[in-house]
Undergrad: 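Pasting in a structure now, in structure tokens, and then I'll have a few things to ask.
Everything numeric in this text was worked out from a predicted model, so none of it was measured.
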Number of protein chains: 2
Amino acid sequence: MRASDKAYAALRSDIIEWRLPPGSVLAEVELSERLGVSRTPVREALARLSAEGLAEPQSGRGVVVTDISMDHVRELFELRLALECRAAELACERGDSDIFRALHDRLSNVDALLSEQDPDRRGYYELVGALDSAIDAAVGNAYLAQALKGLRVHLVRIRRLSHDNTTRLAEAAREHATIALAIANGSPAVASAATTVHLDNSLRHLLAANHS
Amino acid sequence: MRASDKAYAALRSDIIEWRLPPGSVLAEVELSERLGVSRTPVREALARLSAEGLAEPQSGRGVVVTDISMDHVRELFELRLALECRAAELACERGDSDIFRALHDRLSNVDALLSEQDPDRRGYYELVGALDSAIDAAVGNAYLAQALKGLRVHLVRIRRLSHDNTTRLAEAAREHATIALAIANGSPAVASAATTVHLDNSLRHLLAANHS
DNA sequence: GATAGCTTCAGTGTATACATAGAACGCGCA
DNA sequence: TGCGCGTTCTATGTATACACTGAAGCTATC
């Protein structure tokens with residue numbers, strides 16, 4: 001593995017998991033010492049992070065972790081709605097029914113998904129990620145998939161703001177199950193509508209939990 | 001201006017204007033000599049181009065200009081449809097009617113737009129670009145705007161494949177005028193529909209001109 | 001006492017030297 | 001003559017030294 005990849009992966013996870021909160025300054029010399037590589041691969045990593053929107057150059061001098069306000073979240077969900085609705089519609093036309101029917105079944109088993117033995121909800125998030133991947137694969141559009149991938153980075157980062165309780169996650173799982181079922185049935189209008197409903201619910205819970 | 005910006009701008013325009021056709025290898029040493037800067041800023045420029053999708057690393061060794069097949073064009077237009085339809089809808093809600101009415105008027109004056117004294121159709125493309133910018137500004141969504149910006153880079157690049165004759169450009173201008181009018185009227189359904197029609201026409205002409 | 005200018009310094013921007021890996025070519029053997 | 005192995009070479013990956021810009025703090029003057 002290249003040193004620049006290592007630096008990129010380390011910084012990316014640090015940002016996404018809020019070990020480097022918004023506003024943190026990413027100084028090249030400090031990072032190169034902390035990560036044990038020279039400034040060159042660190043610079044490359046910072047450039048990639050800036051291109052992704054996780055960091056941004058500040059007044060031509062220094063790079064800082066980008067801020068995440070509720071306005072940003074609203075804008076993010078507006079883009080998300082456009083992309084995910086279309087992706088769901090296209091998956092209806094091109095997807096394999098059996099795959100999405102299986103995902104629907106697994107998503108419907110809420111009790112197993114949100115067991116007490118999984119406080120981090122890894123099982124839930126992995127299954128939701130599997131649905132995303134299945135949709136991407138069904139759509140078969142590299143540009144759309146790339147746009148969605150760039151979007152999901154930010155969504156993982158704001159997951160921390162959700163403070164999702166088990167009740168909401170169970171509700172979200174059912175919403176995802178509805179989407180999967182609509183795709184399995186090949187009903188683009190329903191898939192798009194279910195996606196719209198799910199995203200609206202998610203956004204409203206996010207806004208309510210962050211008093212703005 | 002930084003040397004890396006200079007290298008980036010030079011390579012970007014070389015790729016977009018097909019001086020560097022798809023498949024061209026972007027060798028660091030050769031570029032650093034040709035552009036008169038060292039390898040470091042050249043590397044930074046190549047990283048930015050790779051992030052944009054204009055170039056891609058080839059098997060871990062060397063960077064090449066990305067290929068543009070008709071399949072890619074189809075995928076590009078699929079993403080474009082999703083983004084531009086939503087942008088047009090949102091512009092209806094948030095845009096200033098006067099601005100889009102003025103754009104409609106200018107786009108309707110096809111004769112002035114496609115005069116014989118402008119063989120490169122600069123007047124046409126600048127006005128279409130102004131409509132794009134007006135929509136972006138009306139929507140007021142940085143994430144959506146960035147996604148559209150990343151998309152338009154590729155669109156400018158495939159413009160070379162269009163072989164647009166005056167008849168088609170006049171038609172396209174009228175389609176753009178229809179979109180601008182729908183936004184000025186605040187009719188999201190019409191704006192979205194007009195965008196869909198326009199993109200379908202554009203794509204069909206592209207495919208017809210490239211026999212696949 | 002306040003402001004303007006200068007000095008200093010920290011940190012980025014660039015260049016270049018060195019390490020390294022992948023590929024191509026050639027040679028030898030079957 | 002063809003295949004396989006080894007060597008060499010070219011181009012990328014990394015490290016580091018140097019240059020330069022922008023900012024902050026200090027001093028001197030009004």
Undergrad: For a quick test of reading the model: is some side-chain N or O of Ser4(A) closer than 4.0 Å to OP1 or OP2 of dT14(D)?
TA: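 Yes, within the criterion.
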
Undergrad: Given atom CD of Glu44(A) and atom P of dT16(D), what is their separation to the nearest angstrom?
TA: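 Atom CD in Glu44(A) sits about 17 Å away from atom P in dT16(D).
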
Undergrad: Nearest whole Å is fine: how far is dG13(C) P from Asp5(B) CG?
TA: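 From Asp5(B) CG to dG13(C) P: 9 Å.
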
Undergrad: Do any N or O atoms of the protein come closer than 3.5 Å to N or O atoms of nucleotides 18-24 of chain D, and which pairs are they?
TA:
from    : atom 1 : to       : atom 2 : distance (Å)
dT21(D) : O2     : Arg61(A) : NH2    : 3.4

Undergrad: Any salt bridge linking Asp105(A) with Arg101(A)? Criterion: basic side-chain nitrogen under 4.0 Å from a carboxylate oxygen.
TA: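 Salt bridge flag = no for Arg101(A) with Asp105(A).
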
Undergrad: Please report the distance, rounded to the nearest Å, between CD in Glu28(B) and C1' in dC18(C).
TA: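 Taking atom C1' of dC18(C) as the reference, CD of Glu28(B) is at 15 Å.
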
Undergrad: Could you measure the distance from the CZ atom of Arg121(B) to the OG atom of Ser162(B)? Nearest 0.5 Å is fine.
TA: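 Between atom CZ of Arg121(B) and atom OG of Ser162(B) there are 13.0 Å.
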
Undergrad: Output the rounded distance in Å from CG (Leu31(B)) to C1' (dT12(D)).
TA: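 For the pair Leu31(B) CG and dT12(D) C1', the rounded distance is 13 Å.
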
Undergrad: Rounded to the nearest angstrom, tell me the gap between atom CD in Glu30(B) and atom C1' in dT12(D).
TA: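 That distance rounds to 14 Å.
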
Undergrad: Considering only dT14(D), dT12(D), dT14(C), which nucleotide approaches the side chain of Ala3(A) most closely?
TA: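 That would be dT14(D).
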
Undergrad: Less than 4.0 angstrom from a charged side-chain N to a carboxylate O is my criterion; do Asp5(B) and Arg12(B) meet it?
TA: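 Salt bridge: no.
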
Undergrad: Are the charged groups of Arg168(B) and Glu175(B) less than 4.0 angstrom apart, N to O?
TA: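 A salt bridge links Arg168(B) with Glu175(B).
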
Undergrad: Would you please confirm or rule out a distance under 4.0 Å between OP1 or OP2 of dT16(D) and any side-chain N or O of Thr40(A)?
TA: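 For dT16(D), OP1/OP2 do not have a side-chain N/O of Thr40(A) under 4.0 Å.
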
Undergrad: How long is the line joining CZ of Arg43(A) and P of dA15(D), in whole Å?
TA: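 Distance check: Arg43(A) CZ to dA15(D) P gives 14 Å.
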
Undergrad: Measure from the side-chain N and O atoms of Glu89(A) to the backbone N and O of Ser192(A), and report whether any donor-acceptor pair falls under 3.5 Å.
TA: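 No; judged by distance alone, with no hydrogens or angles, the pair does not exist.
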
Undergrad: Okay, side chain of Asn141(A), backbone of Glu75(B): is any donor-acceptor separation there less than 3.5 Å?
TA: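 Here the side-chain-to-backbone pair exists.
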
Undergrad: Using atom CD of Glu33(A) as one end and atom P of dA10(C) as the other, report the distance to the nearest whole Å.
TA: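 Taking atom P of dA10(C) as the reference, CD of Glu33(A) is at 13 Å.
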
Undergrad: Any ion pair linking Glu52(B) and Lys149(B) (charged N to carboxylate O, less than 4.0 Å)?
TA: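 Salt bridge flag = no for Glu52(B) with Lys149(B).
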
Undergrad: Expressed as a whole number of angstroms, how long is the span from Leu35(A):CG to dA15(D):P?
TA: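 Rounding to the nearest Å, CG of Leu35(A) and P of dA15(D) are 11 Å apart.
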
